[in-house]
Number of protein chains: 2
Amino acid sequence: MEPDEYLADCRTRLAFDLMANTWNPVVIWALRSGPRRPVELRELIGGVSGKVLAETLRRLESNGLVTRHAYAEAPPRVEYALTRLGRTLLGPIEAFGRWAHAHGDEVLAAQDEHERRAARQAG
Amino acid sequence: MEPDEYLADCRTRLAFDLMANTWNPVVIWALRSGPRRPVELRELIGGVSGKVLAETLRRLESNGLVTRHAYAEAPPRVEYALTRLGRTLLGPIEAFGRWAHAHGDEVLAAQDEHERRAARQAG
DNA sequence: CAGGATCCGACACGATACTG
DNA sequence: CAGTATCGTGTCGGATCCTG
């Protein structure tokens, strides 16, 4: 891997862009164990509105990470699933999960420290 | 790792939030081989304005990932370096870099396909 | 050189209401 | 239930100018 492959205007940025929003990685992870309906995803994830979830799923679909399958039923039933390409992202995503598990406390401590320092200067 | 550890309101989200902007991961990666001055970072990275780079560095500093060291010289000289905590992020970041190296073409192809499909419907 | 101040556009996200 | 339309808000990122 060449040094500059992580910098601006490089294809490596593609992966970062895919992770550069709140819900993409969360939804991908929620789909890791099989197809899910939107209502299931909302319960699994929690704290995401239907509109934002729909936007996220369309975004993932347009990047080839997720497929949409609609059943001809009433009431309507739709399922989303990871593509083969989407599944290849589970490994890297899990790496960040493990990182947060191991180092999350340190980040929170640093944030607190920074806030205390700012408050001391202000007061 | 429990299933819901990647979902909303969980500490795992911390790591995703750190990656959820354009320049954080790029700057961390650019600092991987040692301390750098802002002007060096701008050359290394390319395509980032001084203001945005400064914002990114302050953001990373407030999260304990980067330290700032100012030398008492004229003209002013400042160096930024990864903390020990910041260095622990290099592994997960590299995982995404490798992913992009291996699968970037597939994402681009899926995007093109999606655009062509949209154009066909519009026309 | 470092980096703050300002103005600005784009977009993600949220809440709500509505259609099939 | 699935999905869209609308509106409001916050923030990131870019461009420019200015200071020490």
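Just so it is clear: chains get the letters A, B, ... in the order the sequence lines come, proteins before strands, and each one is counted from 1. Everything quoted here is computed from the prediction, not taken from an experiment.
- Sequence neighbours left out, the pairs with a member in residues 52-78 of chain A that pass ring-ring contact (aromatic ring centres under 6.0 Å, His included) are A/H69-A/Y71.
- With sequence neighbours excluded, the residues satisfying salt bridge (Lys or Arg N to Asp or Glu O under 4.0 Å) with A/E106 are B/R84.
- Look at OH on B/Y71: it is 13 Å from P on C/dG3, rounded to the nearest Å.
- Between B/V27 and B/V48 the shortest side-chain heavy-atom distance does not fall below 4.5 Å.
- Between A/R37 atom CZ and D/dG3 atom P there is a gap of 10 Å when expressed in whole angstrom units.
- Here the side chains of B/L14 and A/H103 are not in contact, with every heavy-atom distance at 4.5 Å or above.
- Dashed line: the shortest gap from a side-chain N or O of A/R42 to OP1 or OP2 of D/dA2 is not under 4.0 Å.
- For the pair B/E79 CD and C/dA2 C1', the computed distance is 13 Å after rounding to whole Å.
- Judged as a side-chain hydrogen bond (donor to acceptor under 3.5 Å, both in side chains), the pairs with a partner in residues 54-64 of chain A (not counting sequence neighbours) are, in order, A/N21-A/R59, A/N24-A/R59, A/T56-A/R59, A/N63-B/Q111.
- Helix bend of the helix from C/dC1-D/dG20 to C/dG20-D/dC1: the angle between its two end axes, each built from five pairs, comes to 30° after rounding to 10°.
- In terms of phosphate contacts, B/R68 brings a side-chain nitrogen or oxygen within less than 4.0 Å of OP1 or OP2 of C/dG3.
- Counting to the nearest Å, the C1' atom of D/dG20 and the CD atom of B/E73 are 15 Å from each other.
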What string of B, S and - do you get for nucleotides 6-20 of chain C, 5' to 3', if B is base contact, S is sugar-phosphate-only contact and - is no contact with any protein heavy atom under 4.0 Å?
B-----SBBB----B
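- In this structure, A/F16 places its CZ atom 18 Å from P of D/dC12, rounding to the nearest Å.
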Hey, mind stepping through A/L60 and A/W23 against side chain to side chain contact (heavy atoms under 4.5 Å, CB included) and telling me if it holds?
CA-CA 10 Å; A/L60 294 173; A/W23 297 114; over 6 Å; no
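- At distances below 3.5 Å, at least one donor-acceptor pair connects side-chain atoms of A/R32 with backbone N or O atoms of A/W29.
- Atom-to-atom, CG of A/D17 to C1' of D/dG13 comes out at 13 Å; the value is rounded to the nearest Å.
- One can place NE2 of A/H69 at 14 Å from P of D/dA2, the figure rounded to the nearest angstrom.
- Residue A/R42 holds its CZ atom at 16.0 Å from CZ of A/R36, rounded to the nearest 0.5 Å.
- Nucleic acid contact for A/Y80: sugar-phosphate only, since backbone atoms but no base atoms lie under 4.0 Å from a heavy atom of the residue.
- If you measure from atom CG of B/L57 to atom C1' of C/dG4, you get 14 Å, rounded to the nearest angstrom.
- Regarding contacts with the backbone of C/dG3, every side-chain N or O of B/R58 stays at 4.0 angstrom or more from both OP1 and OP2.
- Among residues two or more places apart in sequence or in another chain, the side chain to side chain contact (heavy atoms under 4.5 Å, CB included) test is passed with B/A54 by none.
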